Amino acid sequence: MRIFDPHIHMSSRTTDDYEAMYASGVRALVEPAFWLGQPRTSVGSYTDYFDALIGWERFRAAQFGIRHHCTIALNPKEANDPRCREVLDVLPRYLAKDGVVAVGEVGYDSMTKEEDEVFAQQLALALDHDLPVLVHTPHRDKLEGTKRTLDVVREAGVAPERVVVDHLNEVTVELVKDSGAWMGFSIYPDTKMDEHRMVEILRRYGLDKMIVNSAADWGRSDPLKTAKTGQAMLDGGFTEADVDKVLWQNPVDFYGQSGRLTLDPLPGFTGEAVTFEGNSVLRGARK
């Protein structure tokens, strides 16, 4: 079981998490830019954060055998704060950096006029920089937010295959599937999906363009939810090839559109086949 976690906020996690993720099969990840849990008060706090994503966090992950990539954006929640709008002017500098594989997270939190404007501007930046887009759907009124998201993407002229619409559930999956966009699911305790519901969605809608992530952050979350979803798939009758498609090949295919993925093993690390609850997985071993 090789795993690419396509949405996880490692700047809020510990080195123990990196070790546990590597042991479970995680070899690559994408860390989307998001809010800090409290309001930022200046553009400088963003640039410091972006610098950490493309520098320090990439280095920290590498110490544990994991390739780190990120997405850069003004997130939807802070799009409503006028103190943060100036960050749009510095985004082009970061969207050109190595390791930045998409524009994101963009989209909606409360579906305000300000969020409309910032979303549209950042979709235009994605076109300018030839990058795919990671879209956050709102936690409230998710169906309406997803419909509005797809309308804005269409109006911006971004091809649906260049977009992953994240935090989906049983109510919104069919709408996104019909649009041609990629479907993202966060396996996150209490507030989003769990691995067993995810297995049923995969059984009903198939594996194509399905993206599964842990979305682990500073809240009550679990960076091993991708591995647990893979195990639930195996327990539910899916094959190892099916698990590999969902947990590795699909995120590689989506973010690979950036031309910036680096997936070769890090120096000093290798991988070996071992047994995990009766199934073959990829578990790393340090040379």
Side-chain angles (χ1 to χ4, degrees), residues 3-8 28-33 67 69-73 75-76 91 95-96 99-108 116 118-138 142-143 145-187 193 198 201-202 204-213 215 226 229 241-263:
I3 298 171
F4 186 134
D5 193 329
H7 184 150
I8 184 168
L29 61 83
V30 168
E31 178 163 1
R67 290 290 187 181
H69 311 83
C70 67
T71 74
I72 296 290
N75 70 81
L91 289 181
L95 294 177
V100 177
V101 295
V103 175
E105 299 177 53
V106 297
Y108 290 111
D116 277 329
V118 170
F119 189 11
Q121 288 182 57
Q122 294 188 99
L123 289 173
L125 284 173
L127 289 171
D128 289 344
H129 291 266
D130 195 25
L131 287 172
V133 183
L134 169 63
V135 178
H136 169 98
T137 52
K142 188 172 287 292
L143 180 59
T146 303
K147 290 178 179 177
R148 191 158 160 182
T149 290
L150 295 173
D151 286 343
V152 173
V153 167
R154 191 162 40 246
E155 290 165 6
V158 179
E161 63 270 18
R162 304 275 288 175
V163 176
V164 57
V165 183
D166 210 350
H167 309 318
L168 299 181
N169 57 24
E170 293 88 345
V171 175
T172 54
V173 55
E174 191 163 355
L175 185 67
V176 177
K177 182 178 177 65
D178 290 344
S179 78
W182 291 73
M183 296 155 279
F185 298 87
S186 297
I187 315 303
M193 295 286 294
M198 189 68 235
I201 283 178
L202 293 171
R204 178 173 179 182
Y205 293 99
L207 310 181
D208 290 345
K209 290 188 175 180
M210 291 288 187
I211 301 283
V212 172
N213 64 73
T226 47
T229 300
D242 293 334
V243 173
D244 190 70
K245 177 176 176 62
V246 172
L247 296 186
W248 183 266
Q249 198 57 56
N250 282 356
V252 167
D253 288 348
F254 177 73
Y255 285 114
Q257 296 178 96
S258 69
R260 298 179 183 172
L261 284 184
T262 303
L263 299 174

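Values reported hereafter were calculated over all heavy atoms of this structure, with side chains retained and with hydrogens, waters and symmetry mates removed. If you're wondering where the values come from, they're calculated on a predicted model, not measured in any experiment.
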For Glu170, what residues pass the side chain to side chain donor-acceptor pair (under 3.5 Å) criterion, not counting sequence neighbours?
Arg197
For Phe254, all residues meeting ring-ring contact (aromatic ring centres under 6.0 Å, His included), sequence neighbours excluded:
Trp182
Are Met210 and Leu168 packed together at the side-chain level, in the sense that at least one heavy-atom pair is separated by less than 4.5 angstrom?
no
Using the salt bridge (Lys or Arg N to Asp or Glu O under 4.0 Å) criterion, which residues pair with Asp116? Sequence neighbours excluded.
Arg148
Decide yes or no for Leu261 and Val101: does some side-chain heavy atom of the first lie under 4.5 Å from some side-chain heavy atom of the second?
yes
Yes or no on side-chain contact (heavy atoms from CB on, under 4.5 Å) for Val30 and Phe4, after CA distance, side-chain angles and deciding distance?
CA-CA 8 Å; Val30 168; Phe4 186 134; 3.6 Å; yes
Side chain Lys209, main chain Lys177, donor-acceptor under 3.5 Å
no
Test of understanding: with side-chain contact (heavy atoms from CB on, under 4.5 Å), list the residues that count as partners of Asp244, not counting sequence neighbours.
Arg2, Trp248
Sorted by chain and residue number, the side chain to side chain donor-acceptor pair (under 3.5 Å) partners of His69 (sequence neighbours excluded) come out as none
Heavy-atom check, side chain of Thr172 versus side chain of Asn169, under 4.5 Å:
yes
Quick one: closest heavy-atom pair of Ala73 and Val106, and the distance?
CB-CG1, 3.7 Å
Sequence neighbours left out, what pairs pass salt bridge (charged side-chain N to carboxylate O under 4.0 Å, His left out) with at least one residue falling in residues 120-134?
Asp130-Arg162
First locate atom CG of Leu29, then atom CG of Asn213, and finally report the distance between them rounded to the nearest 0.5 Å.
11.5 Å
Contacts under 3.5 angstrom, residues 154-161 side chains, donor-acceptor by atom type, not counting sequence neighbours:
from	atom 1	to	atom 2	distance (Å)
Arg154	NH2	Asp151	OD1	2.4

By salt bridge (Lys or Arg N to Asp or Glu O under 4.0 Å) - contacts of Lys245 (at least two apart):
Asp208
Quick check: do Met198 and Leu202 have side-chain heavy atoms less than 4.5 Å from each other?
yes
Could you pull out all residues at least two apart from Tyr108 that satisfy ring-ring contact (aromatic ring centres under 6.0 Å, His included)?
Phe119
Inter-residue atom distance Leu91.CG - Ile72.CD1, 0.5 Å rounding:
8.0 Å
Excluding sequence neighbours, so at least two apart, what forms side chain to side chain donor-acceptor pair (under 3.5 Å) with Gln122?
none
Would a 4.5 Å heavy-atom cut-off, applied to side chains only, mark Leu143 and Leu175 as touching?
yes
For residues Ala102 and Leu95, report the shortest heavy-atom separation together with the two atoms involved.
O-CD2, 4.4 Å
Any donor-acceptor pair under 3.5 Å linking the side chain of Asp242 with the backbone of Leu207?
no
Do any pairs count as a side-chain hydrogen bond (donor to acceptor under 3.5 Å, both in side chains) and have a residue in residues 253-263, sequence neighbours left out, and if so which ones?
Gln249-Asp253
On a heavy-atom basis, the closest approach of Gly145 and Pro138 is CA-CG, 3.8 Å
How close do Thr149 and Val135 get, counting heavy atoms only, and between which atoms?
CG2-CG1, 3.4 Å
Heavy atoms only: give me the nearest Leu263-Ala28 pair and the separation to one decimal.
CD2-CB, 3.7 Å
Report yes if some heavy atom in the side chain of Met193 is under 4.5 Å from a heavy atom in the side chain of Ile201; otherwise report no.
yes
Mind listing the closest non-hydrogen atom pair of Gly104 and Thr71 along with its distance?
O-OG1, 2.8 Å
Side chain to side chain donor-acceptor pair (under 3.5 Å) against Lys142, all qualifying residues, sequence neighbours excluded
Thr137
Exactly one of Val165, Asp166, Val163 should register a side-chain contact (heavy atoms from CB on, under 4.5 Å) with Val176. Which one does?
Val165
Measuring from Glu174:CD to Arg204:CZ, what's the distance to the nearest 0.5 Å?
6.0 Å
